[in-house]
Amino acid sequence: MAPKRATTPKKRLTSAVDQESVGDGGGGGGLFHGLIFFLVDIGVQPRRLQIWKQKLVQMEGTVEDQFSKRVTHILAMSSKALLEKVCKESLMPFKGSVLLYQWLEESLKLGEKVSEELYSLKTEAEGDNESPKSIDRVRNKSEGSQSDDNESPRDKKARHSPEHASVSPAVSNESHGVKTRDGTNNSGGDSNKDVSLPYAPPDLNRNITEIFGKLINIYRALGEDRRSFSYYKAIPVIEKLPFKIESVDQVKHLPTIGKSMQDHIHEIVTTGKLSKLEHFETDEKVFYRFLEELFTVTVRTINLFGEVWGIGPATALKLYEKGHRTLNDLKNEDSLTHSQRVGLEYFEDIKKRIPRKEVQDMEHLLQKAGEEVLPGVRDNCSDASQVSVVCGGSFRRGKATCGDMDIVITHPDGTSHKGFLAKYVKHLKDLNFLREDLIFSTHSLEGTDSGVDTYFGLCTYPGRETRHRIDLKVYPRDIYAFGLIAWTGNDVLNRRLRIIAESKGYRLDDTGLFLATHGSDGKKGARATKSLSLNTEKEVFDFLGFPWLEPHERNL
DNA sequence: GTACCGGTGCG
DNA sequence: CGCACC
DNA sequence: GTAC
């Protein structure tokens, strides 16, 4: 039954922090006496934020939860984060200081307020006289973290392929809602302004992130997911830095960068390489004394096997131990599942990236095919009802090439989606568009589960034979917004949204937003609790109190 | 010392 | 169940 | 490998 109506989340940021003033060994003193801070929480780990607030208050500063005239200092992780929180207009008349958090860190470290010069985010009076050296450098960062592909380190077989064509400015923005025949957006409608900003991925420090990227793969191949994940988290942190790292001191206090990574960074900036990585790449044995016995292995082979769709670290290792050494060997292996066989057969194809243009063509093809399977309400009625087919994933985020296609489907009438996928897949096979199946699951018919139907498979661009990975997801209209968000990503954003939801007492996933029922409610069978009803992406963002991001702004 | 991102299909 | 995937 |  109707779960308690959720009260809208409070807009307040975390309130004044527990003032349990910590002892603080030496008289921290009133370093920040008289200063009034507004902290932009975007892109800051909550824990970190909390610590900073605490410090500021300890040292007699004041922290405001809202941006106001009283504020003398704004601190932000980046200019982008800043603008998400404070609009440019209100910033212009602002006379105080706008600084990077690093200013605070340095000040805390040295025990005195360091010069604001180097940390200013202020864009001078606007218009003509641009800021001095202040910062144009900061303007574009965090934008193009070229975590090219899509998602987590887990998935997507970490193909480190180049998509470095930067971001295509021509972001097809589609609509966030359900497309209706006559082109009106019957839902997602959000701000339609298509701001094609001048992207310019900063990417100083590529020297470091590239090496860390390799370590991610290596550790994953060794089954050390945790460690791998640590590097994964560190990369975006480093990427966002507005300067090129030349000394370890500059990264000493960054989150996710601890002792070891500092050492690594030190070695990289001084010698240009990382001996640890060299070892991994050349020797192939030795390191991991404790694993040595088990893995008398070449990391490469395991890595390679693991790149086959359907084969993960465990299976890759098994296959290696069975004596296989090449992909060709695997073809004779009986134990492979159907999916793995398909993944193996089209190994090279699947790795190829798809040009944006082609994805767009295929999106149209898919939309058309959808309408053929499920003809919409004709007639003149303005409210035509038509199946909606949107390509999410990196495509929707505006990337120039895509590793695969994530198709999110729904129907405005709220019922016609049922049973649609099966017919749709059949039709697409008749069109010779879908070529091989990987996974096919349907729930909409039984009404069990949340009613999402899913298909994973391979498709081809009309007239060609190259296989591309494609996912089709059919959502009931009422939870469509959640599916669209989840499948548009990126994963960093998804996780941030989830965490925010949790902090507000909810659980968020691609099938909805639920009151965090504690423990009891099993989720099998018909869900006991229904998702809160939010019709558009915008509504979800708003509900969570997260600043709206256009799809192409979601490459966090 | 220990947790770290979560949920689902397949075999 | 464990493995793989998103 | 990092943070609690």
Side-chain angles (χ1 to χ4, degrees), chain A residues 45-48 50-51 149-158 212 215-216 218-220 222-235 237 251 253-265 276 305-319 334-343 350 392-394 403-408 437-443 448-450 452-457 469-473 482-483 485-502 507-512 514 516 522-524 527:
Chain A
Q45 299 208 318
R47 177 68 187 135
R48 197 81 200 145
Q50 180 151 349
I51 291 171
D149 246 334
N150 303 332
E151 306 2 14
S152 71
R154 256 244 86 84
D155 97 6
K156 299 287 182 176
K157 309 312 203 135
F212 279 19
L215 289 176
I216 290 175
I218 290 171
Y219 281 120
R220 201 184 47 216
L222 291 172
E224 300 214 28
D225 274 22
R226 302 303 179 183
R227 196 168 296 193
S228 167
F229 192 57
S230 291
Y231 286 100
Y232 172 72
K233 282 184 299 189
I235 286 184
V237 172
V251 295
H253 342 69
L254 290 178
T256 75
I257 310 283
K259 180 69 174 68
S260 291
M261 297 219 200
Q262 284 170 30
D263 292 345
H264 292 171
I265 289 173
K276 180 179 185 129
F305 290 175
E307 285 177 36
V308 175
W309 199 94
I311 298 182
T315 309
L317 177 57
K318 250 176 228 153
L319 293 169
D334 295 328
S335 67
L336 295 191
T337 66
H338 169 70
S339 300
Q340 290 165 341
R341 254 174 240 297
V342 172
I350 294 174
S394 51
D404 62 9
M405 293 196 289
D406 298 317
I407 309 298
V408 190
D437 304 328
L438 291 173
I439 289 179
F440 198 160
S441 78
T442 95
H443 283 284
T448 57
D449 205 48
S450 39
V452 180
D453 290 341
T454 307
Y455 172 89
F456 297 161
R469 277 279 297 105
I470 186 170
D471 298 343
L472 308 177
K473 295 250 172 186
F482 302 104
I485 287 177
W487 285 79
T488 296
N490 63 10
D491 65 321
V492 174
L493 174 63
N494 286 347
R495 205 170 342 122
R496 272 184 26 199
L497 291 177
R498 265 208 312 271
I499 289 170
I500 292 178
E502 265 164 36
R507 186 175 59 74
L508 172 71
D509 63 30
D510 70 313
T511 67
F514 311 87
K523 38 43 179 302
K524 272 308 190 197
R527 286 197 196 260

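The model shown is predicted, which means the values in this text are computed figures rather than measured ones. In what follows, every chain begins at residue 1, and chains take the letters A, B, ... in the order their sequences are listed.
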Between [atom2] of [N] and [atom1] of [X], the distance in whole Å:
X	N	atom1	atom2	answer
Ile265(A)	dG1(D)	CD1	C1'	12 Å
Lys233(A)	dA3(D)	NZ	P	8 Å
Ile311(A)	dG9(B)	CD1	P	22 Å
Asp404(A)	dC6(C)	CG	C1'	9 Å
Leu336(A)	dC10(B)	CG	P	17 Å
His264(A)	dT2(D)	NE2	P	8 Å
Lys473(A)	dG9(B)	NZ	C1'	10 Å
Phe305(A)	dC3(C)	CZ	C1'	17 Å

Trace of the side-chain contact (heavy atoms from CB on, under 4.5 Å) decision for Tyr231(A) with His264(A): CA-CA 11 Å; Tyr231(A) 286 100; His264(A) 292 171; 2.8 Å; yes

Touch class at under 4.0 angstrom, heavy-atom based, for Leu438(A) against every strand present: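 No contact.
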
Whole-Å C1' distance, dC5(B) and dC5(C):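 Roughly 14 Å separates the two C1' atoms.
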
Contact nearer the 5' end of DNA chain B, comparing Arg498(A) with Ser441(A):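 Mapping each residue to its closest nucleotide by heavy atoms, the 5'-most match is Arg498(A).
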
Toward the 5' end of DNA chain B, by each residue's nearest nucleotide, Ser230(A) or Ser335(A):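 Nearer the 5' end of the strand: Ser230(A).
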
Heavy-atom side-chain proximity of Met261(A) to Ser230(A) below 4.5 angstrom: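 They are in contact (side-chain heavy atoms under 4.5 Å apart), so the answer is yes.
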
Closest heavy-atom pair and its distance - Thr488(A), Gly392(A):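 Nearest pair, atom of Thr488(A) first, then Gly392(A): OG1-CA, 4.2 Å.
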
Compare the minimum distances between each of [options] and the side chain of [X], then state the nucleotide with the smallest one.
X	options	value
Thr256(A)	dG1(D), dC6(C), dT2(D)	dT2(D)
Arg507(A)	dT2(D), dG1(D), dG7(B)	dG7(B)
Ile439(A)	dC10(B), dC6(C), dC5(B)	dC10(B)
Ala314(A)	dC10(B), dC3(C), dC6(C)	dC3(C)

Residues which pass ring pair (Phe, Tyr, Trp, His ring centres under 6.0 Å) with Tyr455(A), listed by chain and number, not counting sequence neighbours: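 Once residues adjacent in sequence are excluded, the partners of Tyr455(A) under the ring pair (Phe, Tyr, Trp, His ring centres under 6.0 Å) criterion are Phe440(A).
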
Pairing of Asp471(A) and Lys473(A) as salt bridge, 4.0 angstrom limit: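 No.
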
Ser260(A) vs dT2(D): side-chain N/O to OP1/OP2 distance below 4.0 Å: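 Yes.
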
dC6(C) phosphate, OP1 or OP2, under 4.0 Å from Arg469(A) side-chain N/O: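 Answer is yes, contact under 4.0 Å.
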
